[in-house]
Amino acid sequence: MHNFQNLKIWQKAMDIAEQTYLTSSEFPKQEKYGLTDQIRRSAVSVPSHIAEGAVRNTDGEFRNFFGIASGSSKELLSQMILSHRLNMISKDKI
């Protein structure tokens, strides 16, 4: 078991989730239950899965949850790229 709050990867994922919330607050109101909601759920999923995996009993379980977190990060990236393509955010915010 790991203390997830001490993991640099968890700390960085929390920073990304926070920045994602701030960035998505600038999205059009009509996206509140669409892309905004989806992006926020993906962003929260990354540190959440890292934290859950860190308190599991085996390294194999931790690796499994880390893999899920990695998948969520790619989901978030895809959604941010789409947001840019829809002119909702600038490329530097991705």
Side-chain angles (χ1 to χ4, degrees):
M1 289 179 44
H2 306 274
N3 181 341
F4 68 89
Q5 292 178 328
N6 290 335
L7 298 173
K8 297 282 186 203
I9 191 76
W10 179 83
Q11 294 168 6
K12 289 180 185 277
M14 288 293 288
D15 292 342
I16 291 169
E18 179 182 4
Q19 189 59 48
T20 298
Y21 261 77
L22 296 173
T23 298
S24 64
S25 69
E26 301 169 9
F27 285 8
K29 297 287 185 213
Q30 67 266 26
E31 284 299 325
K32 182 176 181 181
Y33 300 107
L35 198 50
T36 302
D37 184 52
Q38 185 66 35
I39 283 174
R40 288 177 173 186
R41 283 187 281 124
S42 295
V44 169
S45 180
V46 178
S48 297
H49 280 102
I50 293 168
E52 186 172 356
V55 298
R56 292 298 177 134
N57 294 323
T58 67
D59 287 341
E61 287 178 299
F62 179 64
R63 282 192 301 274
N64 182 54
F65 277 92
F66 188 79
I68 295 168
S70 179
S72 293
S73 73
K74 302 310 182 276
E75 181 181 3
L76 174 60
L77 178 57
S78 296
Q79 294 158 358
M80 295 299 274
I81 292 169
L82 177 60
S83 299
H84 170 66
R85 291 175 66 167
L86 295 172
N87 296 314
M88 295 165 62
I89 59 171
S90 62
K91 189 170 186 171
D92 64 305
K93 292 211 176 183
I94 297 173

Looking only at heavy atoms, which two atoms of Phe4 and Ala54 are closest? And how far apart? CB-CB, 3.6 Å
Grab the two heavy atoms, one from Ile50 and one from Phe66, that are nearest each other, plus how far apart they are. CG1-CD1, 4.3 Å
Whether over 12 other heavy atoms sit under 6.0 Å from Phe65 CZ: yes
Among Met88, Glu31, Met80, which residue satisfies the side-chain contact (heavy atoms from CB on, under 4.5 Å) criterion with Ile39? Met80
Using a 4.5 Å side-chain heavy-atom cut-off and chaining through intermediate ILVMFWY residues, the residues clustered with Val44 come out as Tyr21
Donor-acceptor contacts, no H, no angles, side chain residues 6-19, under 3.5 Å, sequence neighbours left out:
residue, atom, partner, partner atom, Å
Trp10, NE1, Pro47, O, 3.4
Gln11, NE2, Gln5, O, 2.9
Gln19, NE2, Thr23, OG1, 3.4

With Glu61 via salt bridge (Lys or Arg N to Asp or Glu O under 4.0 Å) - residues at least two apart: Arg56
Would you mind writing out the side-chain donor-acceptor pairs for residues 67-76 within the sub-3.5 Å range, not counting sequence neighbours?
residue, atom, partner, partner atom, Å
Ser72, OG, Ser45, OG, 2.9
Ser72, OG, Ile68, O, 3.3
Ser73, OG, Ser70, O, 2.6
Glu75, OE2, Gln38, NE2, 2.8
Glu75, OE2, Ser42, OG, 3.4
Glu75, OE2, Gln79, NE2, 3.4

Under the ring pair (Phe, Tyr, Trp, His ring centres under 6.0 Å) test, which residues partner Phe27, sequence neighbours left out? none
Using the test salt bridge (Lys or Arg N to Asp or Glu O under 4.0 Å), find all partners of Arg63 that sit at least two apart in sequence or belong to another chain. none
Would you name the heavy atoms of Ser24 and Arg40 that are closest together and state the gap between them? OG-NE, 2.8 Å
Can you tell me how far the CD1 atom of Ile94 sits from the CD1 atom of Ile81, to the nearest 0.5 Å? 5.5 Å
